[in-house]
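Before any comments, here is the structure.
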Amino acid sequence: MQEKNIDIVFLVDASGSMQSCINGVQENIYNFINGIKMGDAIVNWRAKVMYYRDFQSDGAGSFINNPFTNKIEELQTQLNHNASGGVDEPESTFESIYKTI
């Protein structure tokens, strides 16, 4: 039987207007993880959630980096986050992608 190793990073905009999107990901995380199965292959997965806001207006709390886990319950706990902050300026999406990489 073939074995696959997968690392998944959810990079999530956690500014105030995004709460409904964060809730949607949290509600569907079981479906997502169960959907990565690849035929008869054994899938070893680990995932984590990273949050970002606007680095300039939200300061030190603008980037949250959780540890990797292979337990859906821990991943769902990482997704239990209240969106806040942000202003009318664009969030720091590109900077967050850079930090993620």
Side-chain angles (χ1 to χ4, degrees):
M1 189 173 287
Q2 190 175 13
E3 193 169 316
K4 302 279 185 180
N5 297 313
I6 301 173
D7 284 344
I8 304 162
V9 176
F10 294 92
L11 181 60
V12 179
D13 179 344
S15 57
S17 63
M18 299 304 292
Q19 189 63 55
S20 63
C21 295
I22 294 170
N23 293 345
V25 173
Q26 185 182 35
E27 290 167 9
N28 289 291
I29 198 66
Y30 286 99
N31 293 335
F32 178 83
I33 295 299
N34 289 328
I36 64 173
K37 304 222 181 337
M38 300 177 176
D40 291 336
I42 296 172
V43 177
N44 300 311
W45 65 272
R46 65 181 191 156
K48 68 178 179 175
V49 179
M50 300 171 75
Y51 291 100
Y52 70 94
R53 295 184 178 90
D54 182 6
F55 292 167
Q56 291 182 353
S57 67
D58 293 315
S62 64
F63 192 76
I64 299 169
N65 185 5
N66 288 293
F68 275 105
T69 182
N70 61 359
K71 295 177 176 63
I72 293 177
E73 295 78 17
E74 288 179 22
L75 190 58
Q76 194 168 36
T77 297
Q78 289 182 13
L79 285 162
N80 189 16
H81 186 81
N82 290 322
S84 64
V87 292
D88 288 337
E89 298 298 318
E91 280 65 54
S92 301
T93 304
F94 292 118
E95 293 90 342
S96 298
I97 292 170
Y98 179 78
K99 282 186 157 200
T100 301
I101 293 170

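In this chain, numbering begins with 1 at the start of the sequence shown.
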Asn5: side chain to side chain donor-acceptor pair (under 3.5 Å) partners, not counting sequence neighbours = Asn44
Is it true that a side-chain atom of Gln78 and a backbone atom of Val49 form a donor plus acceptor pair closer than 3.5 Å?
-> yes
Main-chain N/O of Ile42 paired to Glu3 side chain as donor or acceptor, under 3.5 Å = no
Near-ring test Phe10/Phe32, centroid separation under 6.0 angstrom | yes
For Asn23 and Gln19, test the side chains for any donor-to-acceptor distance below 3.5 angstrom and give the result as yes or no.
-> yes
Please assess Ile97 against Leu11 for the test side-chain contact (heavy atoms from CB on, under 4.5 Å), listing each intermediate value before the final yes or no.
-> CA-CA 8 Å; Ile97 292 170; Leu11 181 60; 3.7 Å; yes
Any chance you could measure Ile33, atom CD1, to Ile8, atom CD1, to the nearest 0.5 Å?
-> 4.5 Å
Going from CD1 on Ile29 to CG on Leu75, what distance comes out if it is rounded to the nearest 0.5 angstrom?
-> 4.5 Å
Just how far is it from atom SG of Cys21 to atom CD of Gln26, taken to the nearest 0.5 Å?
-> 13.0 Å
Do Met50 and Val9 pass the side-chain contact (heavy atoms from CB on, under 4.5 Å) test, and can you show the C-alpha distance, the side-chain angles, and the key distance before you say yes or no?
-> CA-CA 7 Å; Met50 300 171 75; Val9 176; 3.4 Å; yes
Working to the nearest 0.5 Å, report the span between CG of Asn66 and NZ of Lys48.
-> 8.0 Å
Given the rule in the side-chain contact (heavy atoms from CB on, under 4.5 Å) test, do Thr77 and Leu79 qualify, once you have shown the distances and angles that lead to the verdict?
-> CA-CA 5 Å; Thr77 297; Leu79 285 162; over 6 Å; no
Pairing residues for Tyr30 by the ring-ring contact (aromatic ring centres under 6.0 Å, His included) criterion, not counting sequence neighbours = none
Listed by chain and number, what are the side-chain contact (heavy atoms from CB on, under 4.5 Å) partners of Asp7, not counting sequence neighbours?
-> Arg46, Phe68
From OG1 (Thr100) to CG (Asn65), nearest 0.5 Å = 7.5 Å
Spatial distance of atom OH (Tyr51) from atom CE (Met18) [nearest 0.5 Å] = 11.5 Å
